[in-house]
Amino acid sequence: VQTCALPIFISSLPVAGGAPAAPGQPAAPAWAIWDFLSQTLQMRDLGATTTEIPEDVDVLMVIHPKELSEETLYAIDQFTLAGGRLMAFVDPFSIFDESAAGPMGMGGDRSSNLERLFGAWGVEMTNSQVVGDSESADAAQGNDGRPVRCPIVMRLEGDSLNADDLATRGLAAVMSFGAGDLRLRDDAPLTGSPLLTTSTEGGGLVDASMLQFGFDPAQIADAFAPDGQQRTIAMRLSGEAPTAFPAGPPGLAEGEAIPEGHLATSTEPFNAIVVSDVDLLHEYLWARDRKSTRLNSS
């Protein structure tokens with residue numbers, strides 16, 4: 001067993017397992033990705049309200065960060081500036097965010113972002129649109145029970161995977177569902193290296209509202225139109241980054257001096273991977289019988 005500590009910030013998704021839905025019922029099982037990583041890594045769930053990253057942390061995974069406090073965001077900010085390695089999974093629409101369901105199990109906000117930190121790093125992601133690729137479209141079960149090649153259910157392989165980066169080197173394929181479009185601003189202080197991309201010919205965007213009250217793969221397939229632009233779903237960030245908190249940690253009183261330990265810019269090489277899809281972590285996208293399983297966002 002390796003000694004690497006790999007904590008996870010979790011918002012509404014029970015990646016490490018969840019509390020029972022009612023007294024007397026069993027606890028919700030952990031996602032398969034948690035069990036898989038736990039076989040070789042010392043996994044720890046810090047929770048979404050933590051305000052301190054332990055010093056022994058090597059890699060920090062932030063999964064579906066929704067409504068994180070300023071104190072929590074500051075802890076992540078300072079962790080990365082000090083050379084901590086970050087993997088951030090955000091999403092314009094997570095199909096597995098069941099906690100976001102509104103009245104009668106429908107509606108609700110299923111998106112997540114790290115806008116405060118992304119703003120400092122120069123990263124942008126579509127919040128109201130999801131990425132599709134007609135060239136990488138995979139099958140999903142339609143309303144009539146028959147499989148439909150749906151462009152937002154993507155099997156990314158070949159040139160869509162960066163063969164030169166350690167994170168994606170050797171991968172045969174990655175499944176993705178309803179990812180966002182990542183990009184760097186022209187004035188971004190960091191360099192971005194794409195890890196997962198759509199094809200150029202088949203890439204395009206779909207309004208996320210088409211998923212809000214149910215997933216109809218045939219309707220999405222009919223509405224999708226490639227726009228000839230390659231879309232980035234995951235990227236590695238490197239370089240020298242500024243803090244997202246130039247005025248110091250949250251909660252400073254007016255006129256109070258910024259603490260001596262506050263980092264205004266990275267003191268070690270910045271190393272982060274941003275992925276615009278949370279759902280690719282869920283075992284649904286790995287299952288052998290996935291095509292016979294019905295996805296439903298309502």
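Note that this is a predicted model, so its numbers are computed, not measured. Below, all heavy atoms of this structure are taken into account, side chains as well, without hydrogens, waters or symmetry copies.
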Taken to the nearest 0.5 Å, the spacing of L68 CG from L73 CG works out to 5.0 Å
Got a second to check how far L211's CG is from Q219's CD, nearest 0.5 Å? 9.5 Å
Would you say that more than 12 heavy atoms from the other residues, nucleotides or ligands in this model lie under 6.0 Å from the CG of D186, or not? no
R116 NZ/CZ over Y74 ring centroid, <6.0 Å and within 45° of normal: no
Is the number of heavy atoms from other residues, nucleotides or ligands under 6.0 Å of E55 CD greater than 12? no
Does N127 form a side chain to side chain contact (heavy atoms under 4.5 Å, CB included) with E115? I'd like the steps, not just the answer. CA-CA 11 Å; N127 287 321; E115 289 179 323; 3.3 Å; yes
If only atom types and distance count, is the side chain of R149 paired as donor or acceptor with the main-chain N or O of A137 below 3.5 Å? yes
With a sphere of 6.0 Å drawn around CD of E52, does it hold more than 12 non-hydrogen atoms of other residues, nucleotides or ligands? no
Closest heavy-atom pair, M87 versus F89, reported as atoms and distance to 0.1 Å, is CE-CZ, 3.7 Å
Step-by-step side chain to side chain contact (heavy atoms under 4.5 Å, CB included) determination, V57 to R44: CA-CA 10 Å; V57 171; R44 281 185 284 166; 4.2 Å; yes
Quick one: does S176's side chain have a donor or acceptor within less than 3.5 Å of a partner on L280's backbone? no
Look up atom CZ in F118 and atom CG in L237, then write down how far apart they are to the nearest 0.5 Å. 8.0 Å
What I want to check is whether the side chains of S112 and D91 have a donor and an acceptor closer together than 3.5 Å. no
Are D133 and S136 close enough that a side-chain donor and a side-chain acceptor fall under 3.5 Å? yes
Does any N or O in the side chain of S38 come within less than 3.5 Å of the main-chain N or O of M43, such that one atom is a donor and the other an acceptor? no
Would you check if the side chain of T72 reaches a backbone N or O of T51 as a donor-acceptor pair within less than 3.5 Å? no
Given side chain to side chain contact (heavy atoms under 4.5 Å, CB included), test T267 with L81 step by step and report yes or no. CA-CA 6 Å; T267 58; L81 297 185; 5.9 Å; no
Looking at every non-hydrogen atom in both residues, tell me the closest pair between P54 and L46 and how far apart they are. CD-CD1, 4.0 Å
With L117, the side-chain contact (heavy atoms from CB on, under 4.5 Å) member among V274, T243, V123, I76: I76
Say whether, by atom type as modelled, one donor and one acceptor occur between the side chain of Q212 and the main chain of S209 under 3.5 angstrom. no
Tightest non-hydrogen contact, residues P249 and L252, listed as O-CG, 3.4 Å
Please indicate whether D35 has more than 12 foreign heavy atoms, meaning atoms of other residues, nucleotides or ligands, lying under 6.0 Å from its CG. yes
With L196, which of N162, V131, I233, D277 fulfils side-chain contact (heavy atoms from CB on, under 4.5 Å)? I233
Using a strict threshold of under 4.0 Å (side-chain N to carboxylate O), is an ion pair present between D109 and K66? no
For R183, all residues meeting side chain to side chain donor-acceptor pair (under 3.5 Å), sequence neighbours excluded: D181
Given side chain to side chain contact (heavy atoms under 4.5 Å, CB included), test L195 with V275 step by step and report yes or no. CA-CA 9 Å; L195 300 178; V275 183; over 6 Å; no
